[in-house]
Amino acid sequence: MRASRMNLWTLREDPAEAEIASHRLLTRAGYLHKSGAGLYLYGPLLHRVIGKIQAIVSQEIDRTGALQVTMPILQEQAVWERSGRWATYQASRTMLTVKDRNDQVFGLAPTAEEVVTDYAGAVVKSYKQLPVTFYQQHTKFRDEIRPRFGLMRVKEFIMMDAYSFHATAESLDQTYEAMRVAYHRLFARMGLQAFAVEADSGAIGGSGSHEFMVAAAIGEDTILYHPESGYGANRERARGGIPAAPAWATAPAACTKVLTPKVGAIDEVMGFLTANGFAGVQAAHGLKCVLFVAGGQDDKGKPLTATVAAFTRGDREVNEVKLTNAVTRLMFPVLNLRPMHPDEVRAATGAEPGFAGPGAGLKVEVCLIEEQLKGVGPLVAGANETDHHLVGFVIERDAGVAYQWADLTSAAAGDACPLSGKPLMERRGIEVGHIFKLGTKYSASMQCVFTGADGKLHPFIMGCYGIGSSRVAAAAVEQHHDADGLRWPMSIAPYQVVVVPAGKPDDAAVNGAAEQIHKDLLAAGIEAILDDRDAKPGVKFKDWDLVGIPLRIVCGRGIANGLVEFKPRGGTVAEIPVAEAAPRAIAAVREALAALDAAADAVR
RNA sequence: CGGAUCGUAGCUCAGCUUGGCUAGAGCGCCGCGUUUGGGACGCGGAAGUCGCAGGUUCAAAUCCUGUCGAUCCGACCA
């Protein structure tokens, strides 16, 4: 490829709207053009990168025996209503909907469980055809609340989505494991450091679930992990052991109502109590109450609501995802959860906001208490009476309402690792992939069944697996860049080698050597660029550093001595004979690719 | 949707507070010439309905109202 024909368009300055490295550099280097908010045109270079990512994904998913298909992006409302998910996605408003000329409503696929389950129901009739996995790599739409970070969070993106169908749970476990390995392999081949963590299964639904994260400081997810035990989970899921509160010597033996005028917030209450006869009490001795209204709907689409009180320790936070899951288990599938308004709080507690507790007088439909507070106490709780708290409160002894224990609290760095008991650490990551065990959630509700060995009909047991191919490109940049620009791993670079003639424009020796090297590289199947542009060498060097081509060969002043320069991006220059340039570059490309393949083969 | 900031040339920005003459700079782009190892230089040139609509005024990029859009912080997700 000749650089003069590549429509290379680089910017010297950072675009004002770009905050993070991948957005900044992909825009500056001409990979990305913003077409609208959360809508991007992939330029020729990015098209090649994403094409390579997709090829690697396909190869590795194919290795598991999965079958590639293409599903429609436009999906009928009726298909989504068969699974009951139309309502969920309308409620959360993540699905873009459109109408055709007959006013029929369609969704633009944010995911494809319904369509693929319908397909499996049509073509898979017998347990003898199972297990089977269908996957595609296609455009997905999500009506993002707020697109941001360039390619990282957009309305329209490319995703690999795979769906497996099984007769037994054991079979699902096997495919799930095969997918886990395939994910590790494909990220390794792309030169990405990715790790799997336990995750919440969210709107997709199901039982087991792991997220694949690429570590990056700008990541939107917080991961709690321990490097030795191997435990890792995102914050919505992590179960950290809450360290015990310090001893509190002045705690009364019996539950005592204490006047705490005008102090509702935990820190204020503890400050007041410390100053009024309860030295040593602190936030960790408090029982924090957060009041919510959960919303959902019944089978007929009628709205349901439930008032919810959630209690955790005073120095910790209630995790709304955990709470949503807990209420869903006890009541109905929760579609949304919102904090109570002040008048609702008064109705539920008979007091001003700030004085809610699990003692007598609390009127809610669901009362949940953090299970790690079992046997912990005495505590300080709101008295459900304005300006009063109960001091010396013991949950099991003093609770005045029916309650349930539940996992409700957001884990934090320093909590005990559930595997090793050692303190958990925290880091940020970008979610690039997700695998779920779905079970029969879709096949049962959609009545998609097969005939089992027993001659009876059974709903498919399912798994689903996603990778954000376009987000992977952005994540790769976050992990591979420096002050000069991008630094693609060999396997996903848009081109592998650039040959730069750096003499005067009419220097026949320089240009001839560069042409020959370029030709030799192409003949060997290497993706090579010849920078034939009429530009100063400095401009060319800056451009290729920015674009991030892994290897550079410069034909310049050394040519009189038969020498050219060989330089890996980010590495050091070696002067080598002209005749060795092409062979050495060919070898370097192949070695780099082989090293990445070896990393994939090392995956257990 | 709530909070904050911002819309002036392809890009990055000045000008707006205190209204006033032909709306500016740097980069980029086009032409000619000189240059040719880390984003060169000279001369010449093209390029803006100052986001849009309305209002105030003799006069609006500048003041007022509305509106649309973008970016950042929060809840959703690959």
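Letters A, B, ... are given to chains in the order of the sequence lines, protein chains preceding strands, and every chain is numbered from 1.
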**Asked** Where does the angle between the aromatic ring planes of A:F436 and A:H434 fall among parallel (under 30°), tilted (30 to 60°) and perpendicular (over 60°)?
**Response**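 Because their plane-to-plane angle is under 30°, the rings of A:F436 and A:H434 count as parallel.
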Treating a pair as Watson-Crick (purine N1 to pyrimidine N3 plus N6-O4 or O6-N4) or G-U wobble (N1-O2 and O6-N3) with both distances under 3.5 Å, list the stems of 3 or more consecutive pairs that involve RNA chain B.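 Paired runs of 3+ in RNA chain B: B:1-7 with B:68-74, B:10-13 with B:24-27, B:29-34 with B:40-45, B:51-55 with B:63-67.
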Starting at atom [atom1] of [X], determine the distance to atom [atom2] of [N], rounded to an integer number of angstrom.
X: A:D482; N: B:G38; atom1: CG; atom2: P; value: 19 Å
X: A:D14; N: B:G39; atom1: CG; atom2: P; value: 18 Å
X: A:K155; N: B:C76; atom1: NZ; atom2: C1'; value: 12 Å

Does the side chain of [X] get closer than 4.0 angstrom to OP1 or OP2 of [N] through an N or O atom?
X: A:R148; N: B:G74; result: yes
X: A:R146; N: B:C73; result: yes
X: A:K34; N: B:U71; result: yes
X: A:R12; N: B:G28; result: yes
X: A:K504; N: B:U36; result: yes

_Using the six-membered base ring of B:G37, report whether A:F541 stacks on it, requiring centroids under 5.5 Å and planes under 30° apart._
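No, aromatic ring not over the base.
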For [X], answer base if it contacts any base atom (sugar-phosphate contacts may also be present), sugar-phosphate if it contacts only those atoms, and nothing otherwise; contact means non-hydrogen atoms under 4.0 Å.
X: A:S470; value: nothing
X: A:E565; value: base
X: A:G466; value: nothing
X: A:V432; value: sugar-phosphate
X: A:I559; value: nothing
X: A:D143; value: nothing
X: A:P110; value: nothing

Residues A:D14 and A:R28 bridged, charged N to O under 4.0 Å: yes
field: Lys/Arg N to Asp/Glu carboxylate O, A:R24 vs A:E19, below 4.0 Å
entry: no
Determine whether A:Y495 and A:R48 make a side-chain contact, defined as any pair of heavy atoms from C-beta on separated by less than 4.5 Å.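 In contact.
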Sorted by chain and residue number, the ring-ring contact (aromatic ring centres under 6.0 Å, His included) partners of A:Y163 (sequence neighbours excluded) come out as none
* To do: Using ring-ring contact (aromatic ring centres under 6.0 Å, His included) as the criterion, list what pairs up with A:H184, not counting sequence neighbours.
  =>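 Listed in chain order: A:F212.
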Q.
Using the ring centroid of each side chain, check whether A:F106 and A:W86 are separated by less than 6.0 Å.
A.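 No, they do not, as the ring centres are separated by 6.0 Å or more.
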Picking from B:G39, B:G37, B:C77, the nucleotide nearest the side-chain atoms of A:D221 would be B:C77
Nearest-nucleotide check on RNA chain B, A:W9 vs A:K536; residue mapping nearer the 5' end is A:W9
Nearest-nucleotide wise, let me know which of A:E431 and A:D534 is further upstream toward the 5' end of RNA chain B.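 Residue closer to the 5' terminus by nearest nucleotide: A:D534.
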